[in-house]
Each structure stands twice: as structure tokens, then as C-alpha cells.
Amino acid sequence: MTQVHGSQAGPADAVREYDEVRRVVQLFLDGEAKGDAAKLEEASHRDARMFGSVGGTRYDMPIAEFIGLAVKEPGDTGNHRARILSVQQTGDAAVAEVAEEGYWGSLSFIDYLQLARIEGTWKVVSKLFAHTGGDAPA
């Protein structure tokens, strides 16, 4: 599902924007799942941040710190799945809602990735997540 708000863009432009936002979101998801710093760095703005908690432990951090964590402990330990549920875009701003399950084995999340088009390129500028199930590994 996608919604383009307040845009003078035609249908072809809306599809192109949607495809580009999805591509960047998928790049981010692939990077965190596999611990691929290059993909995460390409998808993210250097000043991006992440916010959320798992079992009372806060994971509020700059994106560089998250990338280091993902490289050290990739999310996909064998059964990780992620699905983009929706994309909404208005001008140079977009948000993608993502469902993840099997992160670090059994964790499930709903992620809200905010993106900004900066100098013509879409970048993730924040990740906000809600822990929806499973226990963090010891």
C-alpha cells in the first residue's frame, strides 16, 4: 500500500518514487539482517538515529552505533523475515512501516522507518521500533 500526499506528480512519478523508497527500505532491511555495513551506510543518512526497546533495554543510538551492532550481531540467525507493510510519501518525506520476525532468533518488531529525499536521494533518517514478541538472546 502506498499513499502519495500533496504531490503534483503524475502516476508515473508516484510509482517511481514508491519504487525508490521501497528500494532504500529493502537495502536497509537486508543490511541489518545480514550485518552488511555497506548496505546500511548506503541506505542511511550519516546523522540518522534509532529508537526502541527490547525487554526493558533501550536501543536509542546513532545509526553508526546501530551499524556496528548489526555487523557484530546480524539480525538473521536463520529464520528472519521482514515485510514492508506500507509506504506513505509527501514531497521529500516518507515513512515505511515494516514487520520483522525471527530477528536474533525469536524477536518480532514493527518498525517505522522515516526517509528524507536529500539532494535527490532517499535516505533513512530514523528508525523507530516496537518490540512485539519474542525474547532477546542471552
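The analysis underlying the following values was restricted to heavy atoms, covering all of them including side chains, and did not include hydrogens, waters or symmetry mates. If you read the sequence from its start, that first residue is 1, and numbering goes on from there.
Under the 30°/60° scheme for interplanar angles, the aromatic rings of Phe109 and Tyr103 are found to stand perpendicular.
Using a 4.0 Å cut-off between a side-chain N of Lys or Arg and a carboxylate O of Asp or Glu, Glu42 and Arg23 qualify as a salt bridge. In this structure, Lys34 pairs ionically with Asp76, as a charged nitrogen and a carboxylate oxygen lie closer than 4.0 Å.
Contact between Ala96 and Val25 at its shortest, heavy atoms only, is CB-CG2, 3.7 Å. Scanning all heavy atoms of the two residues, the minimum distance from Ala82 to Leu29 falls at CB-CD1, 4.1 Å. Considering all non-hydrogen atoms of both residues, Leu107 and Ala136 come closest at CD2-N, 3.6 Å. Taking every heavy atom of both residues into account, Gln114 and Ser126 meet most closely at OE1-OG, 2.7 Å. The two residues Glu73 and Trp104 come nearest to each other via the heavy atoms O-NE1, 2.8 Å. Nearest heavy atom pair, residue Arg46 against residue Ile63, reads O-CG2, 3.9 Å.
Between the side chain of Glu41 and the main chain of Ala43, no donor-acceptor pair closer than 3.5 Å is present.
Rounding to the nearest 0.5 angstrom, the gap separating the OG atom in Ser44 from the CD atom in Glu32 is 9.5 Å. The structure places CZ of Phe51 at 5.5 Å from CG of Asp60, a figure rounded to the nearest 0.5 Å. Leu69 CG to Lys72 NZ: the interatomic distance, rounded to the nearest 0.5 Å, is 7.5 Å. Put simply, OG on Ser108 and NE2 on His131 are 7.0 Å apart, with the number rounded to the nearest 0.5 Å. Distance check, rounded to the nearest 0.5 Å: NZ of Lys123 to CG of Asp47 gives 12.0 Å.
When side chains are defined from C-beta on, Lys127 does not count as touching Arg49, because their heavy atoms never get closer than 4.5 Å. Proximity of Arg117 to Glu20: side-chain heavy atoms (C-beta onward) are nowhere separated by under 4.5 Å. With contacts defined as side-chain heavy-atom distances shorter than 4.5 Å, the pair His45/Ile118 qualifies. Between Phe129 and Met50, the closest side-chain pair of non-hydrogen atoms falls below 4.5 Å. The side-chain heavy atoms of Arg22 and Trp122, taken from C-beta on, include no pair separated by under 4.5 Å. Under the 4.5 Å side-chain criterion, counting only non-hydrogen atoms from C-beta, Leu40 is not in contact with Val71.
Linking ILVMFWY residues whenever their side-chain heavy atoms come closer than 4.5 Å, directly or via other members, places Ile67 and Tyr59 in the same cluster. Phe28 and Val125 fall into different hydrophobic clusters, where Ile, Leu, Val, Met, Phe, Trp and Tyr residues are linked whenever their side-chain heavy atoms come under 4.5 Å apart, directly or through other members. Note: the hydrophobic cluster containing Leu27 does not contain Val124 (ILVMFWY, side chain heavy atoms under 4.5 Å, direct or indirect links).
Residues passing the salt bridge (charged side-chain N to carboxylate O under 4.0 Å, His left out) test with Asp135: none are found, sequence neighbours excluded. Every residue two or more places apart in sequence or in another chain was checked for a salt bridge (charged side-chain N to carboxylate O under 4.0 Å, His left out) with Asp36, and none qualifies.
Shown are Val87, Ile84, Val95, Leu113; of these, the side-chain contact (heavy atoms from CB on, under 4.5 Å) with Val21 is made only by Val87.
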Under the side-chain contact (heavy atoms from CB on, under 4.5 Å) rule, what do Val24 and Leu115 come out as? Steps first, then yes or no, please. CA-CA 9 Å; Val24 172; Leu115 296 91; 3.7 Å; yes
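The neighbour count for Arg83 CZ, taken as heavy atoms of other residues, nucleotides or ligands under 6.0 Å away, does not exceed 12.
Side-chain polar atoms of Glu101 and His80 form no donor-acceptor pair below 3.5 angstrom.
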